[in-house]
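Working notes, structure below.
This is a predicted model, so every value here is computed, not measured.
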Amino acid sequence: MDTIPQVHASLGEQELAAVAEVFASGWPAGQGPRGKALENQLAERYGAGGAVALSNCGAALHLAMLALGVRPGDEVIVADFTFPAPAHAVRYVGGVPVFADVRADTGTVDPRAVADLVGPRTVGVIAVDTVGLPADYAELQSIVDRHGLFLVEDAACAVGATYQGREAGALAPVACLSFHGRKGATSGEGGALLTADPALAADARLRSSFGIGSIFDQAQVVGLPIPRFTEIGYNYKLSDIAAAIMLVQLGRVGELLERRRAVAARYAELLAGEELLTLPHVPQDRTHAWQTYMVTLDPRVDRAGVAAELRARGVGCGHGTWACHLQPVYETKQTCPVSADLFRRNLAIPMHAELTMDQVERVADVLRGALRAHAGTGEVREVAA
Ligand SMILES: *Cc1c(COP(=O)(O)O)cnc(C)c1O
């Protein structure tokens, strides 16, 4: 029996050829010709005044917090139901992440929860396009405008998604992308910061390279200019090897997303009417990038039992994403009941562009069987957190 992995990156001959060109060029490090080409492509695609290619999305969020001037003790409201990179970024700069609960139907941050959490120390909001589904940016932007706060879009999972006709990654004044191997477009590891504000982009770029300009550029100059360090920067540069891979992947976003969409549509058909789970909901005004396909199991279902059975039958699966406020590192007394509930009941099933429709059918079959086998009778089960 072949196994069906939950995730599988779509990297092939085109990407290999692009890497071979970088090897031949002699400049595999960051901020070289490929990095610059990628930044130009990103700026064009997103209509951004500045695009900075970075080593990962966590670095992009960190640089965003620094460029936006978040100071120790400042509060930043973050979406709760997500990979915890946004809250980590707030902590990197000594800020206090304040966790906002999410919509039960989409898992994206609830604008009403955000509005309720704004206080005298609040400086900004980080919204997340949850596993590829954009948040409610019209409502969020009006809240931050009313209070003079910044808004950052964590579009790590959302390359290719749209909201009210606009691209995810261009839905807030500052956005962060991830090119990690589990995302829809990937260079293995990688990320970018996008912003309409060229000064903010310049600040992030400088801090991404130890606080000096591009070493590649320096080497092209006639004479011997000695760069001066003006910032305690980091090494968050994306290598030109990864940039070359990403340039190919950006060109394939449409094709890869088309295949993910077809998988999502088939799951929706095959699992329709299954009373032991709820399918993902995509509001009319947006489209999903389908980084993950998460279903929400009925409270009577023993999720661990279902997951174990899926894996035993060669179907990859996972819990989906996290309720951040429950992670011990944050030591918060806040509660986000909707997020906590989704964290307990969600199940991620295989979703990637390499799945065949036969495999999708097998996943749905195995899942339906496992749900029957692991549903309690009548009483709602107590599910361990
Ligand atoms: C994956 C992910 C990140 C982290 O991206 P890296 O590129 O691995 O640093 C950040 N935010 C969200 C919402 C993610 O899903």
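When the shell of 6.0 Å around CZ of Arg252 is examined, it contains more than 12 heavy atoms from other residues, nucleotides or ligands. For CD of Glu255, the number of neighbouring non-hydrogen atoms (other residues, nucleotides, ligands) closer than 6.0 Å is greater than 12. No more than 12 heavy-atom neighbours from other residues, nucleotides or ligands sit within 6.0 angstrom of CZ on Arg112. A 6.0 Å sphere centred on CZ of Arg228 holds no more than 12 heavy atoms belonging to other residues, nucleotides or ligands.
Between Asp145 and Gln141, the side chains place a donor N or O and an acceptor N or O closer than 3.5 Å (distance only, hydrogens not considered). Using modelled atom types and a 3.5 Å distance limit, the side chains of Asn56 and Glu189 yield no donor-acceptor pair. At a cut-off of 3.5 Å, with distance as the only test, no side-chain donor of Ser187 or Gln249 sits close to an acceptor on the other residue. Side-chain polar atoms of Thr296 and Asn346 form a donor-acceptor pair below 3.5 angstrom.
Residues Asp2 and Arg362 are in side-chain contact: their nearest non-hydrogen atoms beyond the backbone lie under 4.5 Å apart. With a 4.5 Å cut-off on side-chain heavy atoms, Ile126 and Val90 count as touching. Looking at Met351 and Arg260, their side chains come closer than 4.5 Å, going by heavy atoms from C-beta outward. Val363 is not listed as a side-chain neighbour of Tyr293, based on a closest heavy-atom distance of 4.5 Å or more. The closest side-chain heavy-atom distance from Leu149 to Thr122 is below 4.5 Å. The side-chain heavy atoms of Pro97 and Val76, taken from C-beta on, include no pair separated by under 4.5 Å. Looking only at side-chain heavy atoms (C-beta outward), Leu151 and Pro173 come within less than 4.5 Å of each other. Residues Val78 and Phe99 have side chains in contact (heavy-atom distance under 4.5 Å, counting atoms from C-beta outward).
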Practice problem: Could you please spell out the steps behind the salt bridge (Lys or Arg N to Asp or Glu O under 4.0 Å) verdict for Asp136 and Arg286? | Solution: CA-CA 9 Å; Asp136 293 289; Arg286 63 202 82 175; 2.7 Å; yes

Quiz prompt | Residue pair Asp217, Lys36: steps toward the salt bridge (Lys or Arg N to Asp or Glu O under 4.0 Å) verdict | solution = CA-CA 10 Å; Asp217 287 353; Lys36 210 159 291 172; 2.5 Å; yes

Practice problem: Could you check Glu275 against Arg372 for salt bridge (Lys or Arg N to Asp or Glu O under 4.0 Å), going step by step and ending with a plain yes or no? | Solution: CA-CA 10 Å; Glu275 71 273 16; Arg372 295 274 99 69; 3.6 Å; yes

Exercise. Assess whether salt bridge (Lys or Arg N to Asp or Glu O under 4.0 Å) is satisfied between Arg345 and Asp341, documenting all intermediate values.
Key: CA-CA 6 Å; Arg345 293 200 288 132; Asp341 183 49; 2.7 Å; yes

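Looking only at distances, no side-chain donor or acceptor of Thr162 sits under 3.5 Å from a matching main-chain atom of Gly165. No donor-acceptor pair under 3.5 Å is formed between the side chain of Thr82 and the backbone N or O of Ala79. A donor-acceptor pair is defined here as one N or O able to donate and one able to accept, closer than 3.5 Å; such a pair exists between the side chain of Glu153 and the backbone of Leu171. Judged purely by atom type and a 3.5 angstrom limit, Asp129 has no side-chain atom pairing as donor or acceptor with the backbone of Gly132. When atom types are taken as modelled, the side chain of Gln291 and the backbone of Arg182 share a donor-acceptor pair closer than 3.5 angstrom.
Closest approach of Thr287 to Pro134, counting heavy atoms only: O-CD, 3.3 Å. The two residues Leu279 and Ala268 make their nearest non-hydrogen contact at CD1-O, 3.8 Å. The minimum heavy-atom distance between Phe83 and Thr321, with the atom names listed, is N-OG1, 2.9 Å.
Under a hydrophobic-cluster definition in which Ile, Leu, Val, Met, Phe, Trp and Tyr are linked whenever side-chain heavy atoms come within less than 4.5 Å, directly or via other members, Val315 and Val295 are assigned to the same cluster.
Of the inter-residue distances, the one linking Leu310 atom CG with Ile349 atom CD1 reads 8.0 Å to the nearest 0.5 angstrom. Atom-to-atom distance recorded for Gln164:CD and Asp285:CG is 5.0 Å, nearest 0.5 angstrom. In this structure, CG on Asn235 lies 7.0 Å from OG on Ser55, to the nearest 0.5 angstrom.
Listed by chain and residue number, His88, Trp322, Cys324, Tyr330 satisfy the side chain to side chain contact (heavy atoms under 4.5 Å, CB included) test with Pro84 (two or more places apart in sequence, or in another chain). Residues meeting the side-chain hydrogen bond (donor to acceptor under 3.5 Å, both in side chains) test with Asp358, sequence neighbours left out: none.
For the side chain to side chain donor-acceptor pair (under 3.5 Å) with His374, the lone residue among Arg303, Glu309, Arg300 that qualifies is Glu309.
Taking the six-membered ring where the residue is Trp, Trp27 and Phe216 present perpendicular rings, their angle passing 60° and hence far from 30°. Aromatic ring orientation, His319 versus Phe343: perpendicular (interplanar angle above 60°, classes split at 30° and 60°).
Salt bridge present: Arg266 and Glu269 bring a charged side-chain N and a carboxylate O closer than 4.0 Å.
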